[in-house]
Amino acid sequence: MTDTQITADATADAVPPLQSVAWLHIRDGRLLSVRTRGNDTFYLPGGKYEPGETAAEALSRELAEEIGVTLAPGDLTEAFTVHDVAHGRAGRRLHMTCFTGGPATVDPVPGREIAEVAWHNAEDFEVCAPAFRQVVRRLTEAGRL
């Protein structure tokens, strides 16, 4: 192993995982997803924390900004956390805390950086980010999709 490889490996390990939140909203056996402008990959609605926010506060803010859905942090319930590689982040790890909650029906509309809102099922893996695929697998195994 060369010094360059050792340095690169040590640097990658030193970078903390990207912390994010996501909303699991299922309708008619399909999971709500979003695609950002200039990207062809779908993600779960949500995003990164801002300083001082709890996970539920961050998700509440992100949902309002991304898809125009207003949910109080207290209406969200933590479901599970996904650990994967962050899509498009050169191998950086991702810790994505997923939440359920809110009304059974919503009319999401693209906002801010969102180009498209869509509903995906277990057959739509190829258009979704790695962490999204892991969520779909978990929800499918649980009989929710």
Side-chain angles (χ1 to χ4, degrees), residues 6-145:
I6 293 169
T7 303
D9 291 343
T11 302
D13 290 340
V15 176
L18 183 63
Q19 301 288 331
S20 71
V21 290
W23 190 39
L24 308 177
H25 188 73
I26 300 168
R27 185 188 318 171
D28 300 325
R30 294 180 178 271
L31 186 60
L32 179 63
S33 63
V34 296
R35 182 179 59 79
T36 57
R37 296 184 200 294
N39 198 331
D40 61 356
T41 302
F42 283 86
Y43 303 88
L44 292 166
K48 297 183 240 27
Y49 296 71
E50 288 189 356
E53 287 182 321
T54 66
E57 290 167 344
L59 183 55
S60 177
R61 176 187 48 76
E62 286 284 353
L63 293 176
E65 292 172 358
E66 287 188 355
I67 58 174
V69 171
T70 303
L71 290 179
D75 292 339
L76 296 165
T77 302
E78 188 172 329
F80 52 81
T81 299
V82 171
H83 304 275
D84 211 321
V85 174
H87 181 260
R89 297 290 181 124
R92 187 170 180 190
R93 298 297 300 165
L94 169 73
H95 291 186
M96 182 172 69
T97 304
C98 299
F99 288 82
T100 59
T105 59
V106 293
D107 290 317
V109 293
R112 228 171 86 175
E113 76 270 6
I114 302 302
E116 181 181 2
V117 174
W119 299 88
H120 287 100
N121 63 23
E123 286 77 44
D124 295 331
F125 281 136
E126 71 280 351
V127 298
C128 303
F132 187 120
R133 293 180 203 149
Q134 189 179 142
V135 168
V136 170
R137 277 192 292 275
R138 288 179 79 158
L139 294 174
T140 301
E141 289 169 2
R144 298 198 54 210
L145 288 182

Which side-chain N or O atoms in residues 61-80 pair as donor and acceptor under 3.5 Å with protein atoms at least two apart or in another chain?
residue : atom : partner : partner atom : Å
Arg61   : NE   : Glu53   : OE1          : 3.4
Arg61   : NE   : Glu53   : OE2          : 2.6
Arg61   : NH1  : Glu65   : OE1          : 3.3
Arg61   : NH2  : Lys48   : O            : 2.9
Arg61   : NH2  : Glu53   : OE1          : 2.9
Glu65   : OE1  : Arg112  : NH1          : 2.4
Glu65   : OE2  : Arg112  : NH1          : 3.3
Glu66   : OE1  : Gly46   : N            : 3.1

Keeping the roles fixed (side chain from Thr140, backbone from Val136), state whether a donor-acceptor pair exists under 3.5 Å. yes
Are any side-chain N or O atoms of Arg144 and backbone N or O atoms of Ile26, one a donor and one an acceptor, separated by less than 3.5 Å? no
Could you state the interatomic distance from [atom1] ([X]) to [atom2] ([Y]), rounded to the nearest 0.5 Å?
{"X": "Phe132", "Y": "Cys98", "atom1": "CZ", "atom2": "SG", "answer": "10.0 Å"}
{"X": "His95", "Y": "Gln19", "atom1": "NE2", "atom2": "CD", "answer": "6.0 Å"}
{"X": "Thr81", "Y": "Phe99", "atom1": "OG1", "atom2": "CZ", "answer": "8.0 Å"}

When the ring planes of Trp119 and His25 are compared, do they come out parallel, tilted or perpendicular, using 30° and 60° as the limits? tilted
Leu94 and Val82: CA distance, side-chain angles, deciding distance, side chain to side chain contact (heavy atoms under 4.5 Å, CB included) verdict: CA-CA 8 Å; Leu94 169 73; Val82 171; 5.9 Å; no
Ignoring hydrogens and angles, write down the donor-acceptor pairs under 3.5 Å from the side chains of residues 28-35, residues two or more places apart or on other chains.
residue : atom : partner : partner atom : Å
Ser33   : OG   : Ala118  : O            : 3.2
Ser33   : OG   : His120  : ND1          : 2.6
Arg35   : NE   : Glu116  : OE1          : 2.9
Arg35   : NH1  : Asn39   : O            : 2.9
Arg35   : NH2  : Glu116  : OE1          : 3.2

Can you check side chain to side chain contact (heavy atoms under 4.5 Å, CB included) on Val117 and Val109, steps first, answer last? CA-CA 7 Å; Val117 174; Val109 293; over 6 Å; no
Check Asp84 against Pro130 and note the closest heavy-atom contact, atom names and distance. OD2-O, 3.4 Å
Which heavy atom of Met96 sits nearest a heavy atom of Val21, and at what distance? CG-C, 4.3 Å
Within the 4.5 Å heavy-atom criterion, are Leu18 and Tyr49 side-chain neighbours or not? no
Would you indicate whether the side-chain heavy atoms of Arg92 and Pro16 approach each other to under 4.5 Å? yes
